[in-house]
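It should be emphasised that the depicted structure is a prediction, and the values quoted were computed from it without experimental measurement.
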Amino acid sequence: MIQTLRLKKNADRRLKAGHLWLYSNEVDIEVTPLKGLEPGAQVVVEAANGKAMGVAYVNPNSLICARVVSRDPEMRLDRSLLVHRFNQALALRQRLYAKPYYRLVHGEGDLLPGLVVDRFDDVLVVQLNTLGMERLAEEIVAALDKVIEPRVIVFKNDSSGRRQEQLERQVTLAKGELDGPVLVEENGVRFHVPVLDGQKTGWFYDHRANRAWLNGLVAGKRVLDMFSYVGGWGVQAAAHGAREVLCVDSSAQALERVAENAALNGLHEQVAVGEADAFEALAALKADGEQFDVVILDPPAFIKKRKDIPNGERAYARLNREAMRLLGRDGLLLSASCSMHLAHDRLVDVVRGAVRHQDRHGQIVYQGHQAADHPVHPAIPETAYLKALGVRVFRD
């Protein structure tokens, strides 16, 4: 028998609006004590009046104590439903992209909270970010086998979010063998991606459309790519005609990948690398009198929790100010943020403040978001996390 999870009076409003998350303070623990529920198990969610509202999996030890997987109380998240959801997700990606390089499953955006799957042709990299999904690992592999038939499935279970679910962080092979980086093609440029020991799943598909926009504006330009990782922005800029590209990152291993990816595309003469802390690198470049036509800022999340907002916003402001100092009289800044807790309007404020600090003028000529293979759930604002601003910075 499946257990039930009873909500407090009026605590079902977000659920009715389409949200998939339930918080522990919304549960009527007198009727259904959270500690009496098996962590990771599926439950029927009930309104205060006892009406069944759907099925969720639970983790009593997490602030988000339940995540809805179906509105049908008779449904269960099993291999059959996984196959159905994977087919739905695949149909969207095949409509969007001609080649099999994309995010196949984007958690809540694909009605599979806690699950991420990135596809690199016949290699799938899977992140199980919740206990509920962790318990379904075998079914997920079987369902992916049925829908995609991949050669390799990697479990890249090393995200920081697993700590909140009290899960171990580990990277394992669920199917096949992999002894090196895999190939990805984006916007006509090829990259070798370190899926086993790289950041996240090894690649960031979410900026695909933003990189495509910038690629059209870099011909003949001198470009600085900060937080370059393996060269997603910088190598693409070189491939689309940039005269010279400098990729800066604090990771020597990432910069080795930049050099390899530049060579892979015959661009080793246009692309240089520099290992340094971003703020120190910006100061050193300014001291050396360097100038660039285009500066790309795609930092890691400076704001991971709400309490980090004040310090994080100051870090974004400083970063943008220092980057603008390196632009010529009429330059282009690509300023991005993957911090869910940094609102779009606040990033605009950061850019505005940085422009005024340099006594220049700014024009926002592009406002970008995450790519279409990272669909936004309309009832969950947190799924719209990525922001990118293209800003013309100039003097009179």
Side-chain angles (χ1 to χ4, degrees), residues 101 103 116 118-121 123-127 129 152-163 168-173 176-187 189-208 211 223-239 242 244-285 295-302 304 315 319 323 334 336 338-339:
Y101 304 104
R103 173 151 293 185
V116 168
D118 276 357
R119 184 177 186 182
F120 305 93
D121 194 7
V123 176
L124 300 181
V125 182
V126 179
Q127 288 186 313
N129 295 319
V152 176
I153 298 177
V154 177
F155 277 149
K156 190 77 184 317
N157 293 331
D158 59 354
S159 68
S160 59
R162 284 175 64 90
R163 290 196 196 120
E168 292 183 6
R169 301 173 70 179
Q170 56 187 353
V171 179
T172 58
L173 280 168
E177 297 181 0
L178 195 63
D179 55 6
V182 302
L183 186 72
V184 62
E185 183 178 322
E186 182 181 288
N187 297 326
V189 186
R190 295 177 300 157
F191 295 86
H192 282 144
V193 175
V195 300
L196 293 177
D197 57 358
Q199 296 180 23
K200 303 291 185 177
T201 63
W203 183 251
F204 295 89
Y205 282 122
D206 51 3
H207 268 304
R208 182 199 316 248
R211 286 191 279 252
V223 177
L224 173 62
D225 178 12
M226 300 299 301
F227 309 96
S228 67
Y229 185 43
V230 298
W233 291 93
V235 174
Q236 285 194 42
E244 181 183 340
V245 177
L246 174 60
C247 291
V248 176
D249 200 278
S250 61
S251 166
Q253 185 179 23
L255 293 175
E256 289 177 7
R257 298 292 187 196
V258 172
E260 292 173 9
N261 288 325
L264 179 65
N265 292 277
L267 302 167
H268 54 281
E269 292 186 359
Q270 291 104 300
V271 179
V273 301
E275 181 184 351
D277 167 81
F279 292 100
E280 292 175 1
L282 291 170
L285 288 167
V295 176
I296 302 160
L297 299 178
D298 184 18
F302 288 160
K304 296 191 176 179
L319 181 67
L334 190 292
C338 61
S339 294

Return yes if some donor-acceptor pair links the side-chain N/O of Asn265 with the main-chain N/O of Arg190 below 3.5 Å, else return no.
-> yes
Would Ser250 and Asp277 satisfy side-chain hydrogen bond (donor to acceptor under 3.5 Å, both in side chains), going step by step from the backbone distance to the final call?
-> CA-CA 5 Å; Ser250 61; Asp277 167 81; over 6 Å; no
Working for side chain to side chain contact (heavy atoms under 4.5 Å, CB included), residues Leu196 and Leu178 | CA-CA 9 Å; Leu196 293 177; Leu178 195 63; 4.2 Å; yes
Side chains of Val184 and Tyr205: closer than 4.5 Å at any heavy-atom pair?
-> yes
Exercise: identify the closest heavy-atom pair between Gly198 and Lys156 = O-NZ, 2.8 Å
Any idea how Phe227 and Phe302 line up, ring-wise: parallel (<30°), tilted (30 to 60°), or perpendicular (>60°)?
-> perpendicular
Between the CG atom in Leu124 and the CZ atom in Arg119, the distance rounded to the nearest 0.5 Å is 6.5 Å
Asn157 vs Val171 side-chain heavy atoms within contact, under 4.5 Å | no
Which pair of heavy atoms, one from Arg208 and one from Asn187, lies closest together, and at what distance?
-> O-ND2, 3.2 Å
Begin with the C-alpha distance, continue with both residues' side-chain angles, and end with the deciding distance and a verdict on side chain to side chain contact (heavy atoms under 4.5 Å, CB included) for Arg103 and Asp206.
-> CA-CA 8 Å; Arg103 173 151 293 185; Asp206 51 3; over 6 Å; no
Criterion side chain to side chain contact (heavy atoms under 4.5 Å, CB included) on Val126 and Val154, from CA distance to verdict | CA-CA 6 Å; Val126 179; Val154 177; over 6 Å; no
Salt-bridge present (Arg211, Glu186; N to O < 4.0 Å) | yes
Would you please indicate yes or no on a ring centroid separation below 6.0 angstrom for Phe191 and Trp203?
-> yes
For Pro194 and Val230 the tightest heavy-atom approach is CD-CG1, 4.1 Å
Side chains of Leu285 and Leu224: does their closest heavy-atom pair fall under 4.5 Å?
-> yes
Just do the side chain to side chain contact (heavy atoms under 4.5 Å, CB included) check on Leu173 and Val152 with the steps written out, would you?
-> CA-CA 8 Å; Leu173 280 168; Val152 176; 3.8 Å; yes
Test item: Lys200 side-chain N/O and Ser159 main-chain N/O as donor-acceptor pair under 3.5 Å = no
Any donor-acceptor pair under 3.5 Å linking the side chain of Ser251 with the backbone of Ala254?
-> yes
What heavy-atom pair brings Leu255 and Asp249 nearest, and what distance separates the two atoms?
-> CD1-O, 3.6 Å
Indicate yes or no: at least one non-hydrogen side-chain atom of Ser228 is less than 4.5 angstrom from one of Val258.
-> yes
Do Phe204 and Tyr229 have their ring centres less than 6.0 Å from each other?
-> yes
Least distance between heavy atoms, Val189 atom then Ala239 atom = CG2-CB, 3.6 Å
Given side chains that start at C-beta, do those of Asp298 and His207 come closer than 4.5 Å, heavy atoms only?
-> yes
Might you point out which heavy atoms bring Ala323 and Val295 nearest each other, and give the distance in Å?
-> CB-CG1, 3.9 Å
Using a 4.5 Å cut-off on heavy atoms from C-beta on, say whether the side chain of Val273 contacts that of Val248.
-> no
For Asp225 and Gly234, indicate whether the former's side chain and the latter's backbone hold a donor-acceptor pair under 3.5 Å.
-> yes
Heavy-atom distance under 4.5 Å between the side chains of Arg162 and Gln127, does that happen here?
-> no
Has Gln170 got more than 12 heavy atoms of other residues, nucleotides or ligands less than 6.0 Å from its CD?
-> yes
Within residues 254-263 or reaching into it, pairs that qualify as side chain to side chain donor-acceptor pair (under 3.5 Å) - sequence neighbours excluded = Arg257-Glu260
Validation row: Leu267, Val235 side chains within 4.5 angstrom (heavy atoms) = yes
